[in-house]
Amino acid sequence: MIAVSDIYDKVIELAKRRGFVWPSAEVYGAVAGFIDYGPLGAMMKRRIEEIWRHYYVIREGYYEIECPTVGAESIYIASGHVKGFADKMCQCPHCNEYFRADHLAEACGIESASHLTKEELAEVIAGAACPGCGEVFGKTEVFDFNLMFQTMIGPGSQRKGYLRPETAQGIFTDFSRLSHFYRMKLPFGAVQIGKSYRNEISPRQGMIRLREFTQAEAEIFVNPEKKRHPNFWRYADYQVDLWGIEQQQSNVDPIRKTMREAVDGGIIANEYIAYYLALTHDLLVSIGIDRSRLRFRQHLPDERAHYAIDCWDAEVLSGRFGWVETVGIADRTDYDLRAHAKESGDSMTVFVPFDEARTEKRKKIVADMGVLGPKYRGKAKKIADALAETSPGPDGAEVTVDGETIFIPGDLYALHEEEVEVRGAEVMPHVIEPSYGIDRMIYGVLEHAYDEEIVDGEERRVLRLAPCVAPVQVAVFPLVNKDGLEEIARKIASDLLEARILADYDDNGAIGRRYRRQDEIGTPFAVTIDYETKEKGTVTLRDRDSMDQVRMPADDLVAAIESLIRCRTAFADLKR
RNA sequence: GCAUCGAUGGUCUAGUGGCAUGACUUUGGCCUUCCAAGCCAAUAGCCCGGGUUCAAUUCCCGGUCGAUGCACCA
């Protein structure tokens, strides 16, 4: 077992040295919160994204869209990010430290200080002592620090733009197009994988808190009346460790529940949340997150956004950082669509037919235009329209036209009662949002895969990456560098490459050293070509984790490795 | 952002006001029939900017990055 205190240093050192993750633009002095993915990291990231797509796009059928990372101001006014994503800050004039203004005010006994205006806050703070240096603040300006990067679109600073702080808004703003694409049938969803930006005040923690990061988000639009997932059966019996509100408040460990139990027991709000919670567990474990270092924590009522019905985080345990929020799964109700409907004027609804058309009785007022016309002349049409909308009293109806209230006696209109067939209603869907931090997933995978052991008195460092995420999928070695073994090995490597398996040919140095090199970057399998290959056409296939070997015909390699890297076969099964 | 500490080849490290140390790695060669073997050779470094000085990797100031504490973390 590895000492937990320094595992981050070890993982990051390896990641840098072997080309997984680098500080961005190091030559000019790196800037905190930005990273580069090196050759192996970029490959691994792509594989993880591809697995994510398999789950959400292929299996769930939620197509991927791609929206700009720069968005016009109105999008983020509607979403609430312009107002809500800003912290009110102030700076101590004596020691120059920055503080959250509302926190200072609350320390002075003001309740819910976050609702105060900047001026009100400044007034309160003027009398407060600085927690940094102890001096009384005096006159201090309170200013907004918005976590969004701001930019200008076009010359002349005409339109403000923001780098998106999440990919979700693009899906919301495309809602009407999407609902037509899906032929107006709920539920439907769309996903997006891409960069998002947050100008963190002080990002530390390397890959964990970035200013530019990759999100994979799904927005699933559901009928608010029907929060039963059509494929719930798939995960109904799936077990997950749940750290619900109750367990957190009574300070006990997470409880293991099937999704059916969790929904029936009211721990998880609905089948959709439960379904994506289980799917997320499934996905994270399949890319190599250790299930014993994975838990799902429910947001407490006070940390949950006011509009959200329920929200769970998948948390991954890190030796350095503790439990790291890696995925968030929330039922955001119709908050986002409502906000965009209001700001944009678009309806953001879907017509949902009833199971059976309902007949409703409606009263209809039909004006007697023969009388109204001559009497009211130009106003007659408006009065008739207003009459149709009004509910009449026993002897007549009052209507208001152009600010003038007019009484129309009952004999000037006829009251019809008619039956209307109502086939459905306009529904504003609720949004179920699973949101993944790809960079945090990658770090979690690296940390959980990192292992050290002593083999023959030498330290062996190995990344036990799942075969499906390992950047290099198989290594190909000639046992020795002579007698034509190299040519055979090169041929085998190129056959594997032709089959779209990433094979790394290496003939440099002793064979043991080559195995170790591949172990360190997590290559799950290695093929060695020896003299028996020349005679019998067989090769050895070596398993990274057990260091066991099996001998097999070279002709079977492609099929065997394809099956191994899709995790259809375990290496042990190859030994028959 | 504040405070404290740190920064030497790819990695780990020695050391210094005047030619920068060693090991590992990497590359080329020899050798080698399966887990970092051996031999020969090569490549490669004092975080950035300014100051002091004849001379700065070393001393001073500022910055960047990193660790820790505080603050922050939709």
Side-chain angles (χ1 to χ4, degrees), chain A residues 5-6 8-10 12-14 16-19 22-34 38 76 79-87 89-92 94-104 130-133 145-148 165-166 168 196 198-206 208-211 299 303-305 308 311 320-321 324-325 328 330 435 455-462 475 477-483 485 507-520 526-534 539-544 546-549 551:
Chain A
S5 59
D6 54 358
Y8 175 81
D9 290 330
K10 290 181 177 206
I12 292 299
E13 187 275 311
L14 187 147
K16 273 194 216 169
R17 187 162 42 79
R18 300 308 306 268
W22 294 320
S24 190
E26 240 180 327
V27 283
Y28 289 110
V31 181
F34 296 96
Y76 297 105
S79 70
H81 285 96
V82 169
K83 270 208 168 125
F85 217 56
D87 291 327
M89 306 275 296
C90 65
Q91 190 178 19
C92 172
H94 313 290
C95 65
N96 295 330
E97 277 208 44
Y98 286 92
F99 298 97
R100 278 273 297 266
D102 53 329
H103 287 189
L104 288 173
C130 170
C133 63
F145 179 78
N146 194 295
L147 259 32
M148 285 192 293
E166 59 179 21
S196 294
R198 291 175 196 181
N199 200 0
E200 299 284 355
I201 296 168
S202 164
R204 287 206 193 154
Q205 311 171 328
I208 302 295
R209 246 175 92 214
L210 295 169
R211 288 183 165 129
H299 278 206
E303 69 180 309
R304 188 166 68 206
C311 184
R320 169 71 69 90
F321 304 114
V324 176
E325 170 195 343
S435 171
V455 176
D456 297 331
E458 291 264 8
E459 185 185 73
R460 173 174 182 252
R461 247 175 308 185
V462 48
F477 308 144
L479 182 59
V480 289
N481 226 345
K482 60 183 185 188
D483 301 326
L485 294 187
D507 61 13
N508 188 310
I511 188 91
R513 181 184 303 275
R514 286 179 262 162
Y515 284 136
R516 290 293 185 274
R517 267 203 287 261
Q518 297 294 338
D519 289 341
E520 206 179 45
V527 176
T528 300
I529 284 74
D530 59 15
Y531 287 99
E532 241 179 283
T533 314
K534 270 179 100 171
V539 296
T540 60
L541 183 64
R542 178 256 199 189
D543 175 48
R544 175 197 66 206
S546 58
M547 297 199 284
D548 281 349
Q549 294 186 325
R551 184 163 279 280

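Chain naming here is simple, since letters A, B, ... match the order of the sequence lines and numbering starts at 1 in each. All heavy atoms count here, side chains included; hydrogens, waters and symmetry mates do not.
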Say we look at B/C2 and B/G45: how far apart would their C1' atoms be, to the nearest angstrom?
33 Å
Can you tell me which nucleotide in B/C73, B/A36, B/C34 comes closest to the side chain of A/Arg516?
B/A36
Of all the choices, B/A37, B/C73, B/C35, which nucleotide is nearest to the side chain of A/Met547 once you look at every atom?
B/C35
C1' atom, B/G1 versus B/A56: distance in rounded Å?
31 Å
Taking the C1' atom of each, how far is B/G9 from B/C46, in whole Å?
10 Å
Using the C1' atom as the point on both nucleotides, what is the distance between B/C40 and B/U21, in whole Å?
22 Å
Taking only the P atom of each, what is the distance from B/A37 to B/G28 in whole angstrom?
16 Å
Looking at the base of B/C35, is there any donor atom on it, or on the side chain of A/Arg542, that sits under 3.5 Å from an acceptor on the other one?
yes
Would you tell me if any nitrogen or oxygen in the side chain of A/Arg551 comes within less than 4.0 Å of OP1 or OP2 on B/C34?
no
So what's the dot-bracket for RNA chain B: Watson-Crick or G-U pairs under 3.5 Å, [ ] if a pair crosses, | if it pairs off-strand?
(((((((..(((.....[...))).(((((.......)))))....(((((..]....))))))))))))....
Could you work out which one of B/G28, B/A36, B/G66 sits closest to the side chain of A/Asn508?
B/G28
Rounded to whole Å, please give me the gap between CD in A/Gln518 and P in B/A36.
15 Å
Has A/Arg517 got a side-chain N or O lying under 4.0 Å from the OP1 or OP2 atom of B/A36?
no
Could you work out, with side chain to side chain contact (heavy atoms under 4.5 Å, CB included) as the rule, every residue matching A/Val455, not counting sequence neighbours?
A/Glu453, A/Arg460, A/Arg516, A/Met547
Between B/C73, B/C34, B/A67, which one does the side chain of A/Tyr8 approach most closely?
B/A67
Hey, does A/Ile511 reach any base, or is it just sugar-phosphate, or nothing, if we go heavy atoms under 4.0 Å?
sugar-phosphate
Determine the contact category for A/Arg17: base if any of its heavy atoms lies under 4.0 Å from a base atom, sugar-phosphate if only primed atoms, P, OP1 or OP2 are that close, otherwise nothing.
sugar-phosphate
Do A/Ile529 and A/Lys534 come close enough that some side-chain heavy atom pair is under 4.5 Å?
no
Please pick, from B/A37, B/U33, B/C34, the nucleotide with the shortest atom-to-atom distance to any side-chain atom of A/Val480.
B/U33
With a 4.0 Å cut-off on N to O distance, would you call A/Asp507 and A/Arg514 a salt bridge?
no
Quantified in whole Å, what is the P atom distance between nucleotide B/A55 and nucleotide B/G18?
14 Å
Position toward the 5' end of RNA chain B (nearest nucleotide), A/Ala32 or A/Arg209:
A/Ala32
Answer yes or no: is there an ion pair linking A/Arg209 with A/Glu200, defined by an N-O contact shorter than 4.0 Å?
yes
Among the candidates B/A37, B/U33, B/A36, find the nucleotide nearest to the side-chain atoms of A/Ala510.
B/A37
Looking only at atom P, what distance separates B/U27 and B/G69, rounded to whole Å?
40 Å
I need the NZ-P distance between A/Lys16 and B/U25, as an integer number of Å.
21 Å
Assess whether one donor atom and one acceptor atom, taken from the side chain of A/Tyr28 and the base of B/C48, lie less than 3.5 Å apart.
no
A/Glu459 near the nucleic acid: base, sugar-phosphate alone, or nothing, with a heavy-atom cut-off under 4.0 Å?
base
Mind checking if A/Glu13 touches a base, just sugar-phosphate, or nothing, with heavy atoms under 4.0 Å?
sugar-phosphate
What contact category does A/Asn481 fall into here, base, sugar-phosphate, or nothing, at under 4.0 angstrom with non-hydrogen atoms?
base
Integer-rounded Å distance: B/C34 P and A/Ile529 CD1
15 Å
Result for 5'-nearest mapping on RNA chain B, choosing between A/Arg514 and A/Lys482, is A/Lys482
B/C19 versus B/U57 - spacing of their C1' atoms, nearest Å:
14 Å
Measuring from the side chain of A/Gln549 (C-beta onward, heavy atoms only), which nucleotide among B/C35, B/U26, B/U32 has the closest atom?
B/C35
